[in-house]
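Quick notes on the structure that follows.
Both ligands and their constituent atoms are indexed starting at 1 by order of listing. Predicted, not measured: the structure shown is a model, and the values here were computed from it.
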Amino acid sequence: MGQLEAAKQQLDKNGFLDIEVDPTLDLVEEIRRLKKEKNAIILAHYYQESEIQDIADYIGDSLGLSQQAEKTEADIIVFAGVHFMAETAKMLNPTKKVLLPDLKAGCSLADSCPPHLFRKFKEKYPDHVVISYINCTAELKTLTDICCTSSNAHHIIDSVPQDKSIIFAPDRNLGEYLKKKTGRDLLLWNGSCIVHEIFSNEKITKLQERHPEAKLIAHPECEAHILEKADFIGSTSGLLRYCTESSAQMFIVATEAGIIHQMQLKNPEKTFIPAPPNNTCACNDCPYMKLNTMEKLYLCMQYELPEIVLEDWIVEQGRVCIDRMLDISAKAGL
Ligand code: 13P
Ligand code: SF4
């Protein structure tokens, strides 16, 4: 059996095509060539490794990536991000081939809300509107009324009539933050992101003492005690915009460290310090996002595998909540 056939057979187990890549190959050139030959577009999240961001056609947050996926005319969408993002792209543009370099690039937040348990929970509150953060599985989206991302969540909540009760899933930290921001009493699912819960309050305080001029900026997936001390809270693109527009010269960044690449590129004269985790490992790197590598990106474009395949009913029912989110976002000018 050839190397390719063997790799295909192991795809489900490995999550990626485990084929040796010639170390002398210029991967940047090869990926560019494949993009052109196959009319493919690379959509990358800010948490991807720098080299992948540099070769992407579009880099953005979850909302921007969904908007790009919906409108692209490319034949192949190569998603340099995690599984729920690639699934969302497939739901929004089902006739396109959607590739993800490593199928095991999941998300702890999406995993924290298994659809069969959520279905039972939802049945107890039949009158509630369900708003789900986009960081959830495609099946969970079929149980959702309106989807949201961190950059449009409060607009989505505001779109629900005041007399309607709301279930918010799966992120309890984002949910608590939104309760304060919107004044609504949201019924929360108890999920969280392993990366955004790792920041050390104590170490951040010490950093702030050492650099009193630094602004602390945080993603709303962080815990309340971090958000309370933050100078600015926003989605990844919101954080990037804030750093660029602010006159401050130093920032402590409480989100996944990959975003610092764009912050530094856009603001070469400013200093960005990753918020320290409460242990010694580099845990503010998302272990799922960082499963994608240049080698896997090249292989998935070369062999058009692994591909995101969704059942028709998931696409039909799951995209309803995403379409509603995109409509509300467009009306809000997002
Ligand atoms: P945004 O980029 O939409 O802010 O989301 C952050 C995140 O954790 C994605 O997994
Ligand atoms: Fe999921 Fe957290 Fe990684 Fe984002 S950073 S993909 S929410 S595990």
Side-chain angles (χ1 to χ4, degrees), residues 15 43-49 52-53 56 58-69 79-89 100-113 131-138 140 147-156 169-175 177-178 181 189-199 217-223 226-227 230 232-243 253-263 274-275 277 282-292 322 325-326 329 334:
L43 303 181
H45 189 266
Y46 290 121
Y47 297 164
Q48 291 295 285
E49 63 173 60
I52 294 182
Q53 292 189 35
Y58 176 84
I59 318 161
D61 67 2
S62 309
L63 177 62
L65 289 163
S66 304
Q67 289 164 331
Q68 293 296 321
F79 219 109
V82 289
H83 200 273
F84 76 81
M85 295 177 171
E87 277 182 338
T88 305
L100 181 66
D102 190 328
L103 288 177
K104 292 206 170 155
C107 169
S108 63
L109 198 40
D111 291 346
S112 67
C113 195
I131 299 182
S132 296
Y133 191 32
I134 199 162
N135 298 35
C136 66
T137 61
L140 204 91
C147 203
C148 74
T149 75
S150 50
S151 57
N152 61 20
H154 71 277
H155 293 277
I156 304 296
D171 189 7
R172 62 165 181 260
N173 293 324
L174 176 61
Y177 166 71
L178 290 166
K181 197 167 163 91
W189 182 263
N190 190 16
S192 64
C193 157
I194 49 167
V195 180
H196 289 88
E197 288 209 321
I198 204 81
F199 300 116
I217 58 171
H219 194 279
E221 286 174 26
C222 292
E223 291 171 291
I226 303 290
L227 297 180
F232 180 78
I233 299 166
S235 69
T236 48
S237 53
L239 297 176
L240 183 58
R241 204 176 318 115
Y242 175 79
C243 296
V253 184
T255 189
E256 212 270 359
I259 182 85
I260 293 179
H261 181 56
Q262 292 303 317
M263 290 176 171
C283 294
N284 44 352
D285 270 341
C286 172
Y288 306 101
M289 285 278 181
K290 296 302 197 284
L291 280 179
N292 295 329
I322 311 171
M325 170 187 86
L326 292 177
S329 302
L334 299 172

No-hydrogen, no-angle side-chain donor-acceptor test under 3.5 Å, [X] and [Y]:
X    : Y    : result
N284 : E256 : no
S237 : D61  : yes
E221 : Y133 : yes
T255 : H196 : yes
N173 : S192 : no

Query - Side chain, backbone, both or neither: the part of Y46 lying under 4.0 Å from ligand 1 by heavy atom - result: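 Near ligand 1, Y46 shows nothing, with every heavy atom at 4.0 Å or more.
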Report task. At a cut-off of 2.8 Å, list the protein N/O/S atoms near atom 1 (Fe) of ligand 2, residue plus atom name. Result ->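 As for protein N, O or S atoms lying under 2.8 Å from atom 1 (Fe) of ligand 2, they are C107 SG.
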In ligand 1, which numbered atoms sit nearer than 4.0 Å to a non-hydrogen atom of [X]?
X    : result
M85  : 9 (C), 10 (O)
S235 : 4 (O)
E221 : 6 (C), 7 (C), 8 (O)
Y133 : 5 (O)
H219 : 1 (P), 4 (O), 5 (O), 6 (C)
S150 : 1 (P), 3 (O), 4 (O)

Query raised in the report: Considering L240, N135, L65, which one's heavy-atom position lies nearest to atom 10 (O) of ligand 1?
Result: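 Ranked by closest heavy atom to atom 10 (O) of ligand 1, first place is N135.
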Query raised in the report: Just by distance, do the side chain of Q53 and the backbone of Y46 share a donor-acceptor pair under 3.5 Å?
Result: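 Such a contact is found between Q53 side chain and Y46 backbone.
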